[in-house]
Amino acid sequence: MKQTQNAAQRDSVSRLKVWFSTHQRDLPWRTHRTPYGTWLCEIIMQQTRIDQGLAYWHRFMELFPDVHALAAAGEGDVLKAWQGLGYYSRARNLHRAAGVVARELGGVFPETAAGWRELPGVGPYTAAAVASMCYGEAVAAVDGNVNRVVARFVGLDEPVDRPAGRRAVEAAAGALLDREAPGAHNEAMMELGALVCTPRAPECGECPLSGGCASAGVAEAVARRPVKAGKAKVVDVAVVGHVLTDGVRVAVRRRPEAGIWGGLWEFPGAWVEGERGGEVGLPPVGGAEWRGEVVPRGAHVLSHRRLWGRWGVWRVAGPGADWGADWEWLTWEEAQAKPWPRMTERAWPELLEAAGAL
DNA sequence: CAAACGTGGCT
DNA sequence: TAGCCAAGTTT
């Protein structure tokens, strides 16, 4: 039995290889495979659709062509280039890791998954992906696609977002791995998940693995797998702020590294949990002239928060003596050159208008 | 280890 | 609409 199962699996893997050679998409990091381009791609594409990340990959390759350029850049420049992509710790870790490679490793990337794993922002998936694709190391890269393909293929009903399920997927993915061509195999598994073994309406009839798949063609089984334990509920947060400006300059601050929008910029204000902004205000600014309010339409939805933004715009004579050291008094142009959350970036034209800075 | 961490597309 | 999902990692 074990013998026939292994034979069936080998057959499936060999069909996968043929399928990948004829169906893979033409992606830029595949045409000229380098460790830097691959690493950059893997970081950018974490929890991100190819369609969304592609332009960022090109932008980063142009702005920071190699690890030395990236290491030499300021963190603010890297965050600015990352603006709008989300999960900003990826950008900060990318920059930190570039510094490690450039200054501590003599500009030479690690050549093993274990070595890559040491770099900030590189977890088990990214380490396996780069090590297999660039150095031929026989390690299975398990991402969301592979979770789905493997859970359906072996008939796993353990939640894949829990330690036990994760271990089961890794074991099965490791057993399926084509050790002669691990990089192409890992890419093929992910490509299959992206193009054929999709979350909804997978095309089992087109799948090279259907012959050995425990779920193929069984609608209920395919829909159930991969089983997931679920996520925390999204809660409302009112994000209210004061825009203090003299028409030329404005008070802004860099947010701390930890937490939401780490390293991005903001206006002075407050975050109130459990509120939608309507009832939440900030105290009036003494001696300032009220210029109006800017309110984004609808909520700005993060993975775990629903943010209700609202800014009051005030005309002031200059920076207050009691503002504290972390507030910077920048021209609107200087402020806009900083990295901002999408919620604020979108409101920028209305903020400029209310501030009279046009 | 469960929760935190963005944004956009799709149903 | 509200929820799910996308080439995950960190704490």
Side-chain angles (χ1 to χ4, degrees), chain A residues 24-25 27-30 37-57 79 82-94 96-97 116-130 132-133 140-149 159-167 169-170 173 183 186-195 197-202 223 226-237 255-264 298-307 339-346:
Chain A
Q24 67 172 297
R25 289 168 292 180
L27 298 173
W29 44 86
R30 284 179 178 159
T38 301
W39 170 51
L40 187 57
C41 161
E42 297 303 341
I43 301 298
I44 286 175
M45 296 306 162
Q46 286 170 12
Q47 300 290 284
T48 303
R49 291 173 198 282
I50 301 289
D51 291 344
Q52 189 190 359
L54 194 54
Y56 284 85
W57 186 84
L79 276 169
W82 197 274
Q83 175 177 301
L85 195 53
Y87 285 147
Y88 297 93
S89 65
R90 290 183 294 169
R92 301 193 307 270
N93 285 332
L94 182 76
R96 277 209 293 148
W116 276 91
R117 191 71 182 74
E118 300 292 311
L119 296 174
V122 176
Y125 162 75
T126 301
V130 178
S132 64
M133 292 174 198
V142 178
D143 73 334
N145 289 305
V146 176
N147 269 331
R148 186 170 57 254
V149 171
V160 297
D161 54 354
R162 288 285 183 272
R166 180 184 171 78
R167 284 192 295 271
V169 171
E170 280 174 347
N186 283 330
E187 280 195 278
M189 290 286 281
M190 291 189 276
E191 197 76 334
L192 188 72
L195 300 181
C197 192
T198 49
R200 282 177 300 271
V227 176
K228 295 196 178 176
K231 305 175 182 180
K233 223 173 69 177
V234 177
V235 300
D236 289 305
V237 182
R255 291 178 58 78
E257 299 266 312
I260 293 171
W261 296 335
L264 274 59
H300 184 82
V301 184
L302 311 185
S303 52
H304 58 305
R305 291 286 186 276
R306 208 164 24 236
L307 306 183
W340 291 83
R342 282 289 276 151
M343 186 178 82
T344 318
E345 186 197 359
R346 283 204 173 99

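To find a chain, count down the sequence lines: A is the first, B the second, and so on, and within it residues start at 1.
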*Asks:* Quick one: list whatever passes side chain to side chain donor-acceptor pair (under 3.5 Å) with A:Asn147, sequence neighbours left out.
*Replies:* none
*Asks:* Indicate whether OP1 or OP2 belonging to B:dC5 is found under 4.0 Å from a side-chain N or O atom of A:His304.
*Replies:* yes
*Asks:* What is the distance from CZ of A:Arg162 to P of B:dC1, rounded to the nearest Å?
*Replies:* 11 Å
*Asks:* Whole-Å distance between B:dT7 C1' and A:Tyr88 OH?
*Replies:* 7 Å
*Asks:* Specify the residue among A:Leu119 and A:Glu42 whose closest nucleotide of DNA chain C lies further upstream toward the 5′ end.
*Replies:* A:Glu42
*Asks:* Please work out if A:Trp29 contacts a base, only the sugar-phosphate, or nothing of the nucleic acid, heavy-atom cut-off 4.0 Å.
*Replies:* base
*Asks:* A:Trp261 side chain N/O closer than 4.0 Å to the phosphate oxygens (OP1, OP2) of B:dT7?
*Replies:* yes
*Asks:* Identify, with sequence neighbours excluded, every residue that meets side chain to side chain contact (heavy atoms under 4.5 Å, CB included) alongside A:Pro199.
*Replies:* A:Arg148
*Asks:* Mind calculating the distance between CD1 (A:Ile260) and P (B:dG6) to the nearest angstrom?
*Replies:* 7 Å
*Asks:* List for me each residue that meets side chain to side chain contact (heavy atoms under 4.5 Å, CB included) alongside A:Gln47, sequence neighbours excluded, and say none if there are none.
*Replies:* A:Tyr87
*Asks:* Whole angstrom is fine here: how far is it from CZ in A:Arg306 over to C1' in B:dG6?
*Replies:* 15 Å
*Asks:* Who pairs with A:Glu118 by salt bridge (charged side-chain N to carboxylate O under 4.0 Å, His left out), at least two apart in sequence or on another chain?
*Replies:* none
*Asks:* Between A:Met343 and A:Pro163, name the one whose nearest nucleotide on DNA chain B is closer to the 5' end.
*Replies:* A:Pro163
*Asks:* Hey, are A:Glu42 and A:Tyr125 close enough side-chain-wise for a donor-acceptor pair under 3.5 Å?
*Replies:* yes
*Asks:* Dump every N/O contact between nucleotides 8-11 of chain B and the protein below 3.5 Å, one line per pair.
*Replies:*
residue, atom, partner, partner atom, Å
B:dG8, OP1, A:Arg342, NE, 2.5
B:dG8, OP1, A:Arg342, NH2, 2.5
B:dG8, OP1, A:Arg346, NH2, 3.4
B:dG8, OP2, A:Arg346, NH1, 3.4
B:dG8, OP2, A:Arg346, NH2, 2.8
B:dG8, N2, A:Arg49, NE, 3.1
B:dG8, N2, A:Arg49, NH2, 2.9

*Asks:* Mapping A:Ile50 and A:Lys233 onto DNA chain C by nearest heavy atom, which one lands closer to the 5' end?
*Replies:* A:Lys233
*Asks:* Find the distance A:Arg92:CZ to B:dC5:P and express it as a whole number of Å.
*Replies:* 11 Å
*Asks:* Look up atom CE in A:Met190 and atom CE in A:Met45, then write down how far apart they are to the nearest 0.5 Å.
*Replies:* 11.5 Å
*Asks:* Looking at every strand, decide which applies to A:Leu54 at a 4.0 Å heavy-atom threshold: base, sugar-phosphate, or nothing.
*Replies:* nothing
*Asks:* Nearest whole Å is fine: how far is B:dA4 C1' from A:Arg305 CZ?
*Replies:* 8 Å
*Asks:* May I have the distance from A:Leu79 (atom CG) to B:dG6 (atom C1'), rounded to whole angstrom?
*Replies:* 13 Å
*Asks:* So, taking the atom named CZ in A:Arg342 and the one named NE2 in A:His300, what distance separates them when rounded to the nearest 0.5 Å?
*Replies:* 8.0 Å
*Asks:* Taking atom P in both C:dA7 and B:dA3, compute the distance separating them and give it to the nearest angstrom.
*Replies:* 24 Å
*Asks:* Counting any heavy atom closer than 4.0 Å, what does A:Ile43 reach on the DNA or RNA strands: base, sugar-phosphate only, or nothing?
*Replies:* nothing
*Asks:* Which part of the nucleic acid, if any, lies within contact of A:Gly259, taking any heavy atom under 4.0 Å across all strands shown: a base, the sugar-phosphate backbone alone, or nothing?
*Replies:* sugar-phosphate
*Asks:* For A:Arg90, enumerate each residue passing the salt bridge (charged side-chain N to carboxylate O under 4.0 Å, His left out) test, keeping only those at least two apart in sequence or located in another chain.
*Replies:* none
*Asks:* Say you pick atom P in C:dT11 and the same atom in B:dG6; how far apart are they, in whole Å?
*Replies:* 13 Å
*Asks:* Base, sugar-phosphate alone, or nothing: which one does A:Arg148 contact when heavy atoms must sit under 4.0 Å apart?
*Replies:* sugar-phosphate
*Asks:* Is there a donor-acceptor pair closer than 3.5 Å between any side-chain N or O of A:Trp39 and the backbone N or O of A:Thr126?
*Replies:* no
*Asks:* On DNA chain C, reading 5' to 3', which nucleotide is the first and which the last to sit with an atom under 4.0 Å from a heavy atom of chain A, could you check?
*Replies:* C:dC5 to C:dT10
*Asks:* Rounded to the nearest angstrom, tell me the gap between atom CZ in A:Arg255 and atom C1' in B:dC5.
*Replies:* 12 Å
*Asks:* With sequence neighbours excluded, tell me which residues meet salt bridge (charged side-chain N to carboxylate O under 4.0 Å, His left out) with A:Asp236.
*Replies:* A:Arg276, A:Arg306
*Asks:* Restricting to salt bridge (charged side-chain N to carboxylate O under 4.0 Å, His left out), what partner residues turn up for A:Glu170, sequence neighbours left out?
*Replies:* A:Arg166
*Asks:* Please state the C1' separation for the pair B:dC1 and C:dA6 - nearest whole angstrom.
*Replies:* 23 Å
